[in-house]
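Everything below concerns the one structure shown next.
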Amino acid sequence: IDERDQLIRPGMLVVDLGAAPGSWSQVVAKRLNGHGRVIALDILPMTGIAGVEFIQGDFREESVLKTLENSMQGKQADLVISDMAPNISGIGSVDQANAAYLTELAVDFSLKWLKPNGNFLVKVFIGSGFEEIVKLMRESFEKVVTRKPKASRDRSSEVYLLGLKRKSPG
C-alpha cells in the first residue's frame with residue numbers, strides 16, 4: 001500500500017493502532033530512517049522494534065487512550081494506521097459489530113489527532129456498517145479509496161480504507 005500511495009516520509013509522526021506483531025511498525029520505522037516517530041499500540045505484547053515506541057493496552061480503555069495521547073506530546077499525527085481486529089468469536093454478526101466498533105474508534109482518533117492533510121489507513125471488513133464508515137471518511141478526507149494488499153486472501157472480506165488529505169476541521 002505504501003509503495004503505491006507513498007504515505008510514509010521521513011520527519012513524520014505515525015501512530016500504529018493494533019500494531020502487534022509489528023509488521024506495519026517495522027515498515028514505517030525503516031522508511032522514516034531515524035527521522036520521525038512511530039508510536040505503536042496493541043492489546044497484545046509486541047517484540048521491540050528499533051525506532052518504535054510501544055504502548056501495550058486496550059485502545060477501548062480511556063486510560064490507554066490518554067497514555068497514547070500523552071506520548072504524542074501535543075503533536076498531531078501525519079499518518080494514523082489502524083490494523084485493529086477483534087478476537088473472532090465465530091458468530092458473524094457479533095464479529096462484524098466488534099470490528100465496526102474498533103474501526104469507529106480509530107476513525108474518531110484520526111479525526112481528533114491527524115494534522116490537516118494527514119492520511120488515515122484503516123483495516124475494515126466489508127459488511128454491516130461498511131458504507132457508514134466510508135461516508136464518514138468521505139466527509140473528513142479529500143479522497144477515500146479502497147486498497148486490498150497482496151498479502152490478503154482473495155476470499156477475505158478485509159480491505160483497507162485510505163483517507164487521503166484530512167480536511168481542516170470546521
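For clarity, every value in this text was computed on a predicted model and none was experimentally measured.
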- Item | Salt-bridge present (Glu69, Lys66; N to O < 4.0 Å) | yes

- Flag yes if Leu41 and Val52 sit in one hydrophobic cluster, no otherwise; membership is Ile, Leu, Val, Met, Phe, Trp, Tyr, and two members link when side-chain heavy atoms are under 4.5 Å apart. no

- Do any N or O atoms from the side chain of Asp16 and from the backbone of Ala40 form a donor-acceptor pair under 3.5 angstrom? no

- Task: Using side-chain contact (heavy atoms from CB on, under 4.5 Å) as the criterion, point out the one residue from Leu17, Val80, Leu68, Val14 that pairs with Ile39.
- Result: Leu68

- Tell me, do Val145 and Leu161 make a side-chain contact under 4.5 Å, heavy atoms counted? no

- Task: Any chance you could measure Lys123, atom NZ, to Leu102, atom CG, to the nearest 0.5 Å?
- Result: 10.0 Å

- Item | From Leu121 atom CG to Arg147 atom CZ, the distance as rounded to the nearest 0.5 Å | 9.5 Å

- Which heavy atom of Ser25 sits nearest a heavy atom of Met46, and at what distance? OG-CE, 4.1 Å

- Note on the structure: Taking every heavy atom of Leu32 against every heavy atom of Arg9, the minimum-distance pair comes out as CD2-O, 3.1 Å

- Item | Test item: Asp78 side-chain N/O and Leu13 main-chain N/O as donor-acceptor pair under 3.5 Å | yes

- Search all heavy atoms of Gly118 against all heavy atoms of Phe141 and return the closest pair with its distance. O-CE2, 3.8 Å

- Hey, does Lys135 have a side-chain heavy atom less than 4.5 Å from the side chain of Glu131? no

- Query: If two hydrophobic side chains count as joined below 4.5 Å and joins carry through other members, does Ile1 share a cluster with Phe125?
  - Reply: no

- Query: Between atom NZ of Lys115 and atom OG of Ser110, what is the distance when rounded to the nearest 0.5 Å?
  - Reply: 15.0 Å

- Query: With the 4.5 Å side-chain cut-off for hydrophobic clustering, are Val38 and Met72 part of the same group?
  - Reply: no

- Query: Are Leu164 and Glu142 side-chain neighbours, meaning at least one heavy-atom pair lies under 4.5 Å?
  - Reply: no

- Task: Check whether any side-chain heavy atom of Val15 sits under 4.5 Å from a side-chain heavy atom of Ile81, and report yes or no.
- Result: no

- If you group Ile, Leu, Val, Met, Phe, Trp and Tyr by side-chain heavy-atom gaps below 4.5 Å, do Tyr160 and Val134 land in one group? no

- Rounded distance (nearest 0.5 Å) linking atom CG of Leu162 with atom CZ of Arg4: 9.5 Å

- Check the hydrophobic clustering (I, L, V, M, F, W, Y; side-chain heavy atoms under 4.5 Å; chains of links allowed) and say if Phe54 and Val28 are grouped together. yes

- Message: Listing request: all ring-ring contact (aromatic ring centres under 6.0 Å, His included) pairs with a residue in residues 7-53, at least two apart in sequence or in separate chains.
- Response: none

- Query: Would you find a donor on one side and an acceptor on the other, under 3.5 Å apart, between the side chain of Lys165 and the backbone of Pro116?
  - Reply: no

- Shortest non-hydrogen contact from Gln76 to Leu114? NE2-O, 3.3 Å

- Message: To check you understand the geometry: which heavy-atom pair defines the closest contact between Gln56 and Leu44, and what is its length?
- Response: NE2-C, 3.7 Å

- Message: Students often mix this up, so state it plainly: with edges at 30° and 60°, are the rings of Phe59 and Phe109 parallel, tilted or perpendicular?
- Response: perpendicular

- Contacts of Phe130 meeting ring pair (Phe, Tyr, Trp, His ring centres under 6.0 Å) (sequence neighbours excluded), chain-then-number -> none

- Task: Rounded to the nearest 0.5 Å, what's the gap from CG on Leu136 to CD on Glu104? Could you check?
- Result: 8.0 Å

- Task: Supply the atom-to-atom distance Leu7 CG to Asp2 CG, rounded to the nearest 0.5 angstrom.
- Result: 5.0 Å

- Task: Write down the atom of Ser82, the atom of Phe120, and the distance for their closest heavy-atom approach.
- Result: CB-CE1, 4.3 Å

- Query: Taking atom CZ of Arg60 as the centre, does the number of heavy atoms from other residues, nucleotides or ligands within less than 6.0 Å exceed 12?
  - Reply: no

- Message: For Pro10, is there any backbone N or O sitting under 3.5 Å from a side-chain donor or acceptor partner on Arg31?
- Response: no

- Flag the pair Glu53 and Arg37 as a salt bridge only when some basic side-chain nitrogen lies within less than 4.0 angstrom of an acidic carboxylate oxygen. yes

